[in-house]
Amino acid sequence: MNRRLCLITGASAGIGAEFARQYAALGWNLVLTARRENRLQELAQEIRTKNSVEVTVIAEDLADPAAPARLVAELENRSLAVDALVNNAGYGLPGTFFSTTWSDQAAFLQVLYTAPVELAHRLLPGMAARKYGRIINVASLAGYAAGSAGHTLYASVKAGLIKFSESLNAECEALGHADIHCTALCPGFTWSEFHDVNGTRETTNQMPKWMWMEAAPVVAAGIEAVNRGQPVVVPGLANKALATLTRILPEPLGRAMVRAQSSRYRRME
Ligand SMILES: NC(=O)c1ccc[n+]([C@@H]2O[C@H](COP(=O)([O-])OP(=O)(O)OC[C@H]3O[C@@H](n4cnc5c(N)ncnc54)[C@H](OP(=O)(O)O)[C@@H]3O)[C@@H](O)[C@H]2O)c1
């Protein structure tokens, strides 16, 4: 059976693992990538036993600037044609612009911005040739909200991914690639390992429960939106309301509100 194939970055945990489960349930073959190969293999095994799809694991560290080209070359070697790309791998870099090293900031930009854009660029020609493509860039509600102190580049890379997705989606339409769509998925607080990894679990747990979503509805919103050709999607009513607020509030008020709350989800030390 000729199944479609989805490449998911950051599939070893959280939102990426949920993308793998949902695309597999839709009958897609998968390529899973992240650094922790054991976690990817466990997930691949779980999925193979539940769904009769093929799951390939290719471990990569996307902080290595050579990783996207190496990954795409490996897919070509294995004759795996990618129909959907989910650029999901990401993390928050704690601390301030003053306290962090340039190599940490450069790796952050590589994983969260350059690698997603490069993977899209390398995989689009094949999608165009086969007249089908789906690209989901996992951005964030932080890409809408005002920037705040700590985790300095996080909001700006996520805002960049939103703009990139809008532009690429518009370009596909303008160039007549009717069945290639690109969507920025903008979650708010989502249960995953994200806040354990960046050391803000204790303080983010103080955020009200209505602000949190499970990964499953977040991922479902992303898949539905990209199939519709919607360039940006904010999952969940509360997140939608917050995104609208950032648009209608006077900017100084928006900044003041973010500043008042941000010490709960941004670490300065
Ligand atoms: N959770 C939230 O509240 C939230 C809100 C808005 C947006 N997001 C975005 O959602 C995406 C997924 O995050 P999550 O919440 O699912 O967090 P998570 O549970 O911590 O998962 C992050 C994934 O990224 C991978 N990753 C991190 N660094 C990597 C690297 N150098 N190379 C390759 N893979 C790497 C991790 O795998 P390895 O460690 O195995 O490499 C892991 O699979 C991120 O882009 C994040 O910014 C999350």
Side-chain angles (χ1 to χ4, degrees), residues 7-22 31-44 57-68 70-71 85-94 103-119 136-145 151 153-162 164-165 184-201 203-205 207 209 211-219 221-222 232-236 238-239 242-243 264-266:
L7 166 64
I8 302 163
T9 73
S12 61
I15 295 172
E18 182 59 28
F19 264 110
R21 293 186 179 103
Q22 290 198 22
V31 177
L32 309 179
T33 187
R35 291 167 301 182
R36 287 169 292 175
E37 188 168 3
N38 57 335
R39 294 273 295 254
L40 295 174
Q41 294 292 4
E42 277 169 28
L43 177 63
V57 166
I58 305 176
E60 274 291 357
D61 182 350
L62 290 176
D64 176 355
R70 198 165 48 227
L71 183 54
L85 163 66
V86 180
N87 277 316
N88 162 77
Y91 58 98
L93 180 60
S103 74
D104 283 346
Q105 294 292 355
F108 180 82
L109 289 173
Q110 187 65 38
V111 175
L112 278 93
Y113 197 77
T114 307
V117 171
E118 184 177 345
L119 284 172
I136 299 175
N137 294 312
V138 181
S140 172
L141 203 53
Y144 279 87
H151 305 208
L153 290 178
Y154 189 79
S156 65
V157 296
K158 295 303 191 182
L161 279 182
I162 294 171
F164 166 61
S165 307
L185 169 63
C186 303
F189 292 102
T190 306
W191 298 112
S192 73
E193 296 173 17
F194 184 87
H195 299 96
D196 306 303
V197 174
N198 73 18
T200 58
R201 176 61 67 206
T203 46
T204 49
N205 274 355
M207 306 296 292
K209 290 287 170 273
M211 292 188 83
W212 288 86
M213 283 181 77
E214 298 291 340
V218 169
V219 165
V232 185
V233 63
V234 177
N239 292 331
L242 289 169
R264 293 194 186 176
Y265 53 87
R266 300 268 192 265

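No experiment lies behind these values; they were computed from the predicted model shown. Numbering of residues begins at 1 and proceeds along the displayed sequence. Read the numbers this way: they start at 1 and go in the same order the structure lists the ligands and their atoms.
Among all protein heavy atoms, the one lying closest to atom 10 (O) of ligand 1 is V138 CG1, 3.3 Å. For atom 48 (C) of ligand 1, the nearest non-hydrogen atom of the protein is I15 CD1, 3.9 Å. For atom 47 (O) of ligand 1, the nearest protein heavy atom (residue, atom name, distance) is Y154 OH, 2.6 Å. Scanning the protein for heavy atoms near atom 3 (O) of ligand 1, the closest one is T190 N, 2.9 Å. For atom 13 (O) of ligand 1, the closest non-hydrogen atom on the protein side is F194 CD1, 4.1 Å. Of all protein heavy atoms, the one lying nearest to atom 39 (O) of ligand 1 is R35 NH2, 2.9 Å. In terms of protein heavy atoms, atom 19 (O) of ligand 1 is closest to E193 N, 2.9 Å. From the protein, the heavy atom lying nearest to atom 4 (C) of ligand 1 is G188 O, 4.0 Å.
The side chain to side chain contact (heavy atoms under 4.5 Å, CB included) test with R35 is passed by exactly one of D61, L62, L40: D61.
For W212, no nitrogen or oxygen atom sits less than 3.5 Å from a nitrogen or oxygen atom of ligand 1, counting backbone and side chain alike. Ligand 1 has a nitrogen or oxygen under 3.5 angstrom from a nitrogen or oxygen of G10. Between G16 and ligand 1, a contact under 3.5 Å exists for no N or O pair.
Every residue two or more places apart in sequence or in another chain that forms a side chain to side chain contact (heavy atoms under 4.5 Å, CB included) with V117 is listed here: Y113, F164.
Close approach of ligand 1 to D61 (heavy-atom distance below 4.0 Å) involves ligand atoms 30 (C), 31 (N), 32 (N).
Note on ring orientation: taking the six-membered ring where Trp is involved, the planes of Y265 and F189 are perpendicular (angle over 60°, cut-offs 30° and 60°).
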